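Below is one structure; the comments refer to it alone.
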Amino acid sequence: MTARGRFITLEGLEGVGKTTNREYVESVLTTRGIKVLVTREPGGTDLGEQLRHLLLHASAPVSAEAELMMMAASRKQHTVDVIEPALNAGTWVLCDRYADASFAYQGGGRELGLGVVASLHALLSIDIQPDLTFLLDMPIEDGLKRMAARGKPDRIEKEALGFFERARAAYLQRAKDQPQRMKVIDASLSLDGVQQQVDNVLTAFLEGAHG
Ligand code: T5A
């Protein structure tokens, strides 16, 4: 019987380096001969990518609740069509953002509360948990500066500082509550410094996974 794949996610606020480090983690895993599927949220399926476009670029107002439901719709399709089948086939899944982002951004940032986010996930049976999550953390303004250098902000990047402060606090609280799974990485360091931390966490995880 094929061993189930492992589910690894990258989380953190805007511009902290999730995509950059996702590529790094993928290269480490691939070098070790592990089959990896790389994906992202919102997105990862045709429906999810269409929802992503709406979520990031809608010109009409989007209520906090509607935003949460669209994130969850994207996630449900993603788990059914992509994540679960890959894990069952023994492929490892590396995902740029997943459910923790809804707890941080909609639960914390939008102040819907963590209970509402948890209830919606339970109602929709979104119950796959990551085996490992890298939470890339750095001062908000510095991440936003990195993003600004890349061009026009999307709908969510235009939010006020307070929104990101609440989202960051929710992320950090979650990491405190689930230290086995969620590893905080100091993302303010040089890329070498960040990748050294990622490497340490990944090496320990791989030893556990294969030991
Ligand atoms: N969202 C998402 C919710 O509200 N709820 C949810 O449930 C979900 C799933 C998605 C948006 O949706 C929200 C959150 C988001 O607002 P996104 O595009 O996935 O948007 O998220 P972004 O954070 O905007 O992702 P980015 O890909 O744009 O940023 P990254 O991946 O964090 O950063 P990255 O790797 O692209 O790096 C940014 C820049 O910094 C440089 C890179 O070269 C790049 O130029 N960089 C560094 N520079 C110096 N030192 C380092 N250590 C560096 N690391 C990277």
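Nothing here was measured: the structure is a model prediction, and the numbers come from that model. Both ligands and their constituent atoms are indexed starting at 1 by order of listing.
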Heavy-atom contact under 4.0 Å between Arg40 and ligand 1?
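So Arg40 does not count as touching ligand 1.
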Using a heavy-atom cut-off of under 4.0 Å, does the side chain or the backbone of Leu189 touch ligand 1, or both, or neither?
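Within the 4.0 Å criterion, Leu189 contacts ligand 1 through backbone atoms alone.
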Where does Glu67 meet ligand 1, judged by heavy-atom distances below 4.0 Å: at the side chain, the backbone, both, or neither?
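Within the 4.0 Å criterion, Glu67 makes no contact with ligand 1.
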Taking the six-membered ring of Tyr105, is the NZ or CZ of Arg110 close enough (under 6.0 Å from the centre) and on axis enough (within 45°)?
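Not flagged: Arg110 not positioned over aromatic ring of Tyr105.
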Polar-atom distance check: [X] versus ligand 1, any N or O pair below 3.5 Å?
{"X": "Arg150", "result": "yes"}
{"X": "Arg97", "result": "yes"}
{"X": "Arg146", "result": "yes"}
{"X": "Val16", "result": "yes"}

Considering only non-hydrogen protein atoms, determine which one is nearest to atom 5 (N) of ligand 1 and report residue, atom name and distance to 0.1 Å.
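Protein heavy atom with the smallest distance to atom 5 (N) of ligand 1: Gln106 OE1, 2.9 Å.
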Evaluate side chain to side chain donor-acceptor pair (under 3.5 Å) for Asp96 paired with Thr19, printing each intermediate quantity in order.
CA-CA 7 Å; Asp96 200 329; Thr19 309; 3.2 Å; yes
Lys/Arg N to Asp/Glu carboxylate O, Glu11 vs Lys18, below 4.0 Å
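Result for this pair is no, no salt bridge flagged.
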With a 4.5 Å limit on heavy-atom distance, are the side chains of Lys76 and Ser125 in contact?
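Side-chain contact under 4.5 Å: yes.
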